[in-house]
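Worksheet for the structure shown next.
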Amino acid sequence: MTAPSASPPDGFRVVPGRLDRATQEALRDAIRAVVAAAPLYRPTMPRTGKPFSVRMTNCGSLGWVSDQAGYRYQPSHPVTGAPWPPIPPVLLELWQELADYPAPPEACLVNFYEPDARMGLHQDLDEAEFGAPVLSVSLGDTCLFRIGGAKRGDPTRSLRLASGDVVLLGGASRLAFHGVDRIYPSTSTLLSQGGRINLTLRRVSKVIGAIPDPAIVG
DNA sequence: AAGTAACG
DNA sequence: CGCA
């Protein structure tokens, strides 16, 4: 008998091929402009200072950063000190269509994965607002994404995410452990230098009047 | 702490 | 490879 496969928590949604090629190219170019204003840098882990394999930047009024002091959101680039550039309008429209939340995202984390980059299993816990989903857009090479439950030991499921796929971590899945186990090199022609870009839109602050999601504890 | 190392 |  094969073991039963783990079901991700309720509220996990994959929208395969949501962005067509032309939209992916436009988004790629918009992210190029973001990176020109806010260069990719390599964050480090709290306490240990060990570098991530992924390089990061952000757009939006707040950006997620990590350094020896900890994880946090802040309004400016940790290397240049400049404010983060604005979130490209196409992403704001995507949020409006899919997020089912009455306010725009404040943060768009841009993660760039070279072929050997990984992201360990983790939860997104640095936001005050868990009632809004995390909306993720994949561009470039396909990855092996893994999602579990709200506890680290919960069973996990792996799925491939390709360029143009959109994933939503909403409801109970908002607090699910997730990560990226591998990148499949040369599986997309979108990025000339190869690799994968992941864009994650997040609401950081609570909004007065937002309806609490019963699926979220708290 | 979103990290790696080590080990069975 | 999965787990600690």
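Residue numbers begin at 1 in each chain, while the letters A, B, ... track the order of the sequences. These values consider heavy atoms only, across backbone and side chains, with no hydrogens, waters or symmetry-generated copies.
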Once you apply a heavy-atom cut-off of 4.0 Å, does [X] come out as touching a base, just sugar-phosphate, or nothing?
| X | value |
| --- | --- |
| A:R118 | sugar-phosphate |
| A:L121 | sugar-phosphate |
| A:Y71 | base |

Subject >> Residue-phosphate contact under 4.0 Å: A:R47 side-chain N/O, B:dG3 OP1/OP2 >> reply: no
Original post:
Are OP1 or OP2 of B:dA1 and a side-chain N or O of A:R152 less than 4.0 angstrom apart?
Top reply: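 No, no such contact exists.
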Original post:
Is a salt bridge present between A:E106 and A:R202, judged by a nitrogen-to-oxygen distance below 4.0 Å?
Top reply: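 No.
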Within this structure, what is the [atom1]-to-[atom2] distance between [X] and [N], rounded to whole angstrom?
| X | N | atom1 | atom2 | answer |
| --- | --- | --- | --- | --- |
| A:Q68 | B:dA2 | CD | P | 15 Å |
| A:R182 | C:dC1 | CZ | P | 9 Å |
| A:N111 | B:dG3 | CG | P | 10 Å |
| A:D181 | B:dT4 | CG | C1' | 15 Å |
| A:R146 | C:dC1 | CZ | P | 11 Å |
| A:Y73 | B:dA1 | OH | P | 18 Å |
| A:L175 | B:dA1 | CG | P | 17 Å |
| A:K50 | B:dG3 | NZ | C1' | 7 Å |

Original post:
How are the rings of A:F145 and A:F12 set to each other: parallel, tilted or perpendicular (split at 30° and 60°)?
Top reply: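 The rings of A:F145 and A:F12 lie parallel, inter-plane angle below 30°.
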Original post:
Got A:S66 and A:F52 here, is their nearest side-chain heavy-atom distance under 4.5 Å?
Top reply: yes
Subject >> Closest non-hydrogen atom pair between A:S158 and A:D181, with its separation >> reply: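 Between these two residues, the closest heavy atoms are OG-OD2, 4.4 Å.
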**OP:** Over all heavy atoms of both residues, which pair between A:L40 and A:V110 is shortest? Give the atoms and the distance, please.
**Re:**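 That closest heavy-atom pairing would be CD2-O, 4.5 Å.
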Original post:
What is the base-pairing partner of C:dC1, counting Watson-Crick and G-U wobble geometry with both distances under 3.5 Å?
Top reply: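 Pair assignment: C:dC1 / B:dG8.
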